Amino acid sequence: MRLARPDGAGGVNPQPALPARLPVLGTVSAHVMVQVAGEHGVSQDRCLRGTGIAPATLEDARATIRLEQELALARNVIGELAHIPALGLVMAARYRLSVYGALGWGMLCSPSVRDALTFAGRYLDLTYSCCAITTEEDDGVLLLRISGGRLPADVRGFFAERTLSATIRLLGDLISGDGWLVGVGMAGPRPPHAGLYEDTFGVTVSFGGGGHTVRVDPDVLSEPMPLANRPMLDMIEDQCRQLLRQRRAQLTLPDVLREHVLRRLPALPSMGSAASDLGMSERTLRRRLAEEGSSFSAIVMAARRELAEELLLQGVPSLQVARQVGFAGPAAFTHAFRRWTGSSPREFATR
């Protein structure tokens, strides 16, 4: 959730989509999913089946898991609890500020609500959202956009709904009083259980838009935090930096190259330039990728597809998406996208 400092008019400057999220997560989110499933009669073994997550890891709040393990766990839980409407909303009810550990304490010790959100944006990889969160000023309202476009289609809706609901809950823990939540938007048609969202959020929810959005009264951003403490905030920020360094140290070579490509799009880096940036020869890079069952061309293709899907789901026109992922024109992009997904960009965005 990246929130810019106010401009001269006191607004918030638009922010670009996040280039990449770390594929390494804390275990608290996985623990919550298993806990909720257990309350509905689903055993831990059924939840963890095929995820590679050991029960001892699940109980260790200092441990980490891979993003693909979180996704596998979510698939199991979604399958077991398919009869429960608004499952992402149900899960998000457990995401109080304390769940975020050092990140949560850093927000509480920030000088203002704006500073708390800016702090969260710097350390978004310490949250459990798995989704991109961007902010912009829109008609005098602070607009938060939530995109799960880089997640697999079968779990995208669940994680986007959970992130939307958890974001609103987190804001409610930060902001005193009522009236700060102006509106909520959700992608897709209005479901039969729409009343669950409106009862929980306390505002009318609009459906059918291009994505999940939260609209906040920007006047609350200057509200002081009652527990503001600069020395404590500095100490907590050091802890957050250390946690991020520890997680980055767990990245695989394909992880690092994925970030490398996403940061440089629409320019397409060569294997030689990537190898040079990583301090190794092209031959060594090719060999190490082969040892991990991957290739440079496959990583570039996956990164382009990942970004293209996210942008299309945000409503970005196909021509603009083609340019942002490094295609010379819409025809080449449409051909490649159909090869990747089995559908055209227009069909994908509509569906």
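We count residues from 1, following the sequence as given. The shown structure was predicted, so the numbers you read here are calculated from the model rather than taken from an experiment.
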(request) Could you list the residues that satisfy ring pair (Phe, Tyr, Trp, His ring centres under 6.0 Å) with H193, not counting sequence neighbours? (result)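 Once residues adjacent in sequence are excluded, the partners of H193 under the ring pair (Phe, Tyr, Trp, His ring centres under 6.0 Å) criterion are Y197.
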(request) Please name all residues satisfying ring pair (Phe, Tyr, Trp, His ring centres under 6.0 Å) with F348, sequence neighbours left out, ordered by chain then number. (result)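 With neighbours one apart ignored, the set is F337.
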Determine whether more than 12 heavy atoms belonging to other residues, nucleotides or ligands lie under 6.0 Å from atom [atom1] of [X].
X	atom1	value
W180	CH2	yes
R283	CZ	no
R346	CZ	no

(request) Answer with yes or no whether the side chains of T118 and D115 bring together a donor and an acceptor at under 3.5 Å. (result)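 Looking only at side-chain atoms, T118 and D115 do not form any donor-acceptor pair under 3.5 Å.
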(message) Taking side-chain hydrogen bond (donor to acceptor under 3.5 Å, both in side chains) as the cut-off, I'd like each qualifying pair that reaches into residues 181-191, sequence neighbours left out, listed once.
(response)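 side-chain hydrogen bond (donor to acceptor under 3.5 Å, both in side chains) check on residues 181-191 returns R190-E198.
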Excluding sequence neighbours, so at least two apart, what forms salt bridge (Lys or Arg N to Asp or Glu O under 4.0 Å) with [X]?
X	value
E39	R94
E80	R46
D234	R230
R305	E309

(message) If the test is side-chain contact (heavy atoms from CB on, under 4.5 Å), which one of V214, D217, V220 qualifies with L181?
(response)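 Looking at V214, D217, V220, the match for L181 under the side-chain contact (heavy atoms from CB on, under 4.5 Å) is V214.
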(request) Identify the residue among L221, V141, L144, V182 that makes a side-chain contact (heavy atoms from CB on, under 4.5 Å) with V216. (result)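 Going through the options one by one, the only one that passes is L144.
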[X]: partners by side chain to side chain donor-acceptor pair (under 3.5 Å), with sequence neighbours left out:
X	answer
Q44	none
Y95	S29, R162
T284	S281
E291	R287

Donor-acceptor contacts under 3.5 Å from residues 316-334 side chains, at least two apart:
{"residue": "Q320", "atom": "NE2", "partner": "Q324", "partner atom": "OE1", "Å": "3.2"}
{"residue": "T334", "atom": "OG1", "partner": "P330", "partner atom": "O", "Å": "2.9"}

(message) On a heavy-atom basis, which atom in L81 and which in A37 lie closest, and how many Å separate them?
(response)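 Minimum heavy-atom separation between L81 and A37: CD1-CA, 3.9 Å.
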(request) Considering non-hydrogen atoms only, spot the tightest contact between L48 and I53 and give its length. (result)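 Where L48 meets I53 most closely, the heavy atoms are CD1-O, 3.6 Å.
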(message) With a 3.5 Å distance limit and no angle check, can you tell me whether T27 reaches the backbone of D60 through a side-chain donor-acceptor pair?
(response)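 Yes, because the side chain of T27 sits within donor-acceptor range (under 3.5 Å) of the backbone of D60.
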(request) Using atom types as modelled and distance alone, determine if a side-chain donor or acceptor of S276 lies under 3.5 Å from a backbone N or O of G272. (result)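 No, because the side chain of S276 does not come within donor-acceptor range (under 3.5 Å) of the backbone of G272.
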(request) Could you check if a side-chain atom of S129 sits within less than 4.5 angstrom of a side-chain atom of F159, using non-hydrogen atoms only? (result)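 A side-chain contact under 4.5 Å is absent here.
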